[in-house]
A.B. asks: 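Pasting a structure here, questions to come.
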There are 2 protein chains.
Amino acid sequence: MQTREKEALDGETLSEAAYKRLRRDIIIGARPPGERLRIEKLKAIYAIGPTPLREALQKLAQDGLVLSEGNRGFTVAPLDPAEFNDLNVARTAIEKEALRLSIQRGGDVWEARVVAAAYIMSKEDAALAAARDSVTDSWERANTEFHAALVSACGSNWLLRVRAGLHDLCERYRRVSVYQKLGSRDLATEHAEIAEAAIARDADRACNLTEQHFALTASALAESDFSGDGRHLDRRTA
Amino acid sequence: MQTREKEALDGETLSEAAYKRLRRDIIIGARPPGERLRIEKLKAIYAIGPTPLREALQKLAQDGLVLSEGNRGFTVAPLDPAEFNDLNVARTAIEKEALRLSIQRGGDVWEARVVAAAYIMSKEDAALAAARDSVTDSWERANTEFHAALVSACGSNWLLRVRAGLHDLCERYRRVSVYQKLGSRDLATEHAEIAEAAIARDADRACNLTEQHFALTASALAESDFSGDGRHLDRRTA
DNA sequence: GAATTGCGATATGTCGAGAAAATGAAGCTG
DNA sequence: CAGCTTCATTTTCTCGACATATCGCAATTC
C-alpha cells in the first residue's frame with residue numbers, strides 16, 4: 001500500500017530526476033543558451049554523481065535542448081532566430097493536423113477540457129496584459145494546457161508526443177519573446193477565437209487562427225535580438 | 001553529408017558507437033521486440049562497459065525504440081498494430097507537409113536527387129517483386145532515400161529530423177509487413193506516380209498519393225500478426 | 001616577428017565495484 | 001489450502017578513480 005506512493009516519489013532514479021531538473025532549468029532560462037555544462041560543475045550544483053548527469057545530458061541532447069560534441073562535452077543549445085522559424089514550421093504543421101483530428105474526434109470531455117482551459121487562459125492573458133512581471137510561470141502553464149487541451153483528442157499518441165517536444169523547444173524562445181512584443185498583440189482575443197472555432201467544430205478556421213497565432217509569435221521573435229550566438233555568456237538580466 | 005571518415009570512426013565515442021549499433025540491431029530486428037536488454041548481456045555482446053551502454057539505451061528510449069522502466073531495466077519496444085496506426089497518423093501528417101513545402105521550394109538539385117532516387121527505387125521495386133528474399137536491405141535503403149529525397153527541400157531541419165525519427169520507427173514494422181502483403185501491391189507504380197507528381201509540382205496529387213501509399217502499408221500491417229506481445233523473451237523454451 | 005610544435009593542465013569518457021531495489025521462492029500464519 | 005511475510009538471489013543504479021582526448025601556453029625555429 002505504501003509501496004506505490006513511495007515508489008512514485010522515491011523510486012525515481014537519480015537519472016530521471018537530473019533529467020527533469022536540468023530540462024526545466026534550461027527551458028526557463030536558468031541555464032542560459034550557449035552555457036557549457038561541465039560535469040564537475042553540475043555535480044556540485046545538483047549533488048548528483050557523474051553517471052546520472054551524463055545520462056540526463058544525453059537524453060536532453062536527443063531532445064534538442066542540449067548539444068553534445070564528440071569529446072568536447074555538452075552545451076545548452078543556443079537560441080537562434082533562424083532555427084526558431086525552422087522549428088515553427090514543424091510545430092505549426094503538427095499542431096494543425098492534431099487540431100483538425102481533435103476537432104473531428106473530440107467528445108464531451110474534450111469540449112469540457114477546452115472550455116476549462118480557455119477560461120483559465122483568458123484570466124492569465126488579462127493578468128499578463130496588466131502586469132508583465134511575475135505572471136510568466138502561471139501564464140506558461142495555462143498556455144501549455146490550453147493548446148494541449150485543444151489537440152488532446154487527436155487520437156495519436158505519437159502526434160502528441162512529437163508536438164509536446166516541439167512545444168517545449170519553443171517555450172524557451174517564447175519566454176524571451178512574449179514580453180518584448182506584448183503591447184502590439186491581443187493574446188486574449190487570439191486564444192478566445194481559437195477556442196470558439198474549435199468548440200464550433202470549424203476545423204479550417206481553428207487551424208488558420210492557430211497558424212496566424214504561431215506566426216505572430218514567430219515574427220515578434222524575428223525582431224528580438226537575444227544573444228544566443230553560442231558564446232558562453234554567463235549572466236543575463238533577469 | 002557525414003563528417004570526415006576516419007575521424008568519425010576513431011574519434012567516435014563508445015557511447016555513440018553503442019547507440020548506433022544497438023539502434024541498427026533493433027530496427028533490423030536482430031534484437032526482437034519485447035526482448036529484455038540486460039546490461040551484463042549487452043556488455044558481453046558488444047564488448048563495451050556498462051556506462052556507454054546505459055547512455056545508448058537512454059537515448060534509444062528517448063527515440064521510442066526502447067522502453068525504460070524505473071528500476072526495472074530496458075526492453076526493446078514491442079510491435080503493436082494499434083501503435084503503428086498511431087505512428088502512421090503522425091508520420092503521414094509530417095510527410096505531407098514536408099512534401100508540400102519541398103515541392104514548393106525545391107530547385108534543380110532537388111529535382112535531380114528525386115529523379116536519381118526514383119530510378120534506383122524502380123530497380124529495387126522490381127527486384128523485390130521478383131525475388132523477395134535477400135533484397136530487404138538494399139530495398140530499404142532505396143526506399144529511405146526515395147522518400148528522403150522528396151522532402152529534402154522542405155527548408156525545415158526540424159521537420160526533417162522529426163520525420164526521420166518516425167521513419168525509423170516505422171521501418172521495423174515495414175520490415176515485417178512488406179513480405180506478407182507483397183503480392184497485392186504494385187510498389188513500383190506507387191513510387192513512380194509520387195515521383196512524377198512531385199516533379200510536375202503537383203503538390204496536392206503528390207500528397208494524396210503519399211497518403212494512400214502509407215495507408216496501404218498500414219492496412220497491410222493491420223492484418224499481420226507479428227508476435228510483438230513482449231512474450232517470447234530470451235526465455236529458454238521448456 | 002609569425003607560425004609551429006611540444007608540453008602541461010583541464011575536462012571528458014570509461015571501467016569496475018559497491019549500494020539500492022526488484023524478483024522469486026520458501027516458510028509461517030490463519 | 002490460501003495469503004502474507006521474510007529472505008536470498010539477481011539486476012539495476014550510482015559512485016569514485018583511472019585512462020584518454022582536447023585546449024591553452026610557452027618555447028623554438030625559420
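Proteins get letters first, then strands, A, B, ... in listed order; numbering begins at 1 in each. Side-chain atoms are counted along with the backbone in the values below, which use heavy atoms only and exclude waters and symmetry mates. On a predicted model such as this, the values are computed, not experimentally measured, just so you know.
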A.B. asks: In whole angstroms, how far is the C1' atom of D:dT20 from the CZ atom of A:Arg72?
C.D. replies: 15 Å

A.B. asks: Using whole Å, report how far CD of A:Glu40 lies from P of D:dC15.
C.D. replies: 13 Å

A.B. asks: Among residues 55-63 of chain B, which residues get a heavy atom nearer than 4.0 Å to DNA chain D?
C.D. replies: none

A.B. asks: Any sub-3.5 Å donor-acceptor pair from A:Thr210's side-chain atoms to A:Lys96's backbone N or O?
C.D. replies: no

A.B. asks: Say whether, by atom type as modelled, one donor and one acceptor occur between the side chain of A:Trp139 and the main chain of A:Met121 under 3.5 angstrom.
C.D. replies: no

A.B. asks: Nearest heavy-atom pair of B:Phe146 and B:Ala117: which atoms, and what distance?
C.D. replies: CA-CB, 3.8 Å

A.B. asks: Is a side-chain donor or acceptor of B:Ser102 paired with a backbone partner of B:Leu99 at a separation under 3.5 angstrom?
C.D. replies: no

A.B. asks: Would you please confirm or rule out a distance under 4.0 Å between OP1 or OP2 of D:dT11 and any side-chain N or O of B:Arg38?
C.D. replies: yes

A.B. asks: Quick one: which of C:dG16, D:dC15, C:dA11 gets closest to the side chain of A:Pro52?
C.D. replies: D:dC15

A.B. asks: Specify the separation, in whole Å, of atom CD of A:Glu12 and atom C1' of C:dA20.
C.D. replies: 15 Å

A.B. asks: Which whole-number value in Å describes the distance from A:Leu14 CG to D:dT14 P?
C.D. replies: 4 Å

A.B. asks: Taking CD1 from A:Ile39 and P from D:dA17, how many angstroms apart are they, rounded to a whole number?
C.D. replies: 17 Å

A.B. asks: Taking CZ from A:Arg36 and C1' from C:dT10, how many angstroms apart are they, rounded to a whole number?
C.D. replies: 10 Å

A.B. asks: Identify which nucleotide among C:dA22, C:dC15, D:dT11 has an atom closest to any side-chain atom of B:Ile48, counting heavy atoms from C-beta outward.
C.D. replies: C:dC15

A.B. asks: Check this for me, if you would: do B:Asp168 and B:Arg91 make a salt bridge, where the nitrogen-to-carboxylate-oxygen distance has to be below 4.0 angstrom?
C.D. replies: no

A.B. asks: Taking only the side-chain nitrogens and oxygens of B:Arg54, find out if one of them lies under 4.0 Å from OP1 or OP2 of D:dC13.
C.D. replies: yes

A.B. asks: For B:Leu37 and D:dT12, what is the distance between atoms CG and P respectively, to the nearest whole Å?
C.D. replies: 9 Å

A.B. asks: I want to verify a distance call: between D:dC13, D:dC15, C:dT12, whose nearest atom is closest to the A:Asn71 side chain?
C.D. replies: C:dT12

A.B. asks: If you compare all heavy atoms of A:Glu83 against all heavy atoms of A:Pro78, which two are closest, and at what distance to 0.1 Å?
C.D. replies: OE1-O, 4.0 Å

A.B. asks: We want to know whether A:Gln62 and B:Asp63 form a side-chain donor-acceptor pair, criterion being a heavy-atom distance below 3.5 angstrom.
C.D. replies: yes

A.B. asks: Determine whether any donor atom in the side chain of A:Thr13 lies under 3.5 Å from an acceptor atom in the base of D:dC13, or the reverse, and answer yes or no.
C.D. replies: no

A.B. asks: Separation of A:Leu53 atom CG from D:dC13 atom P, in whole Å?
C.D. replies: 16 Å

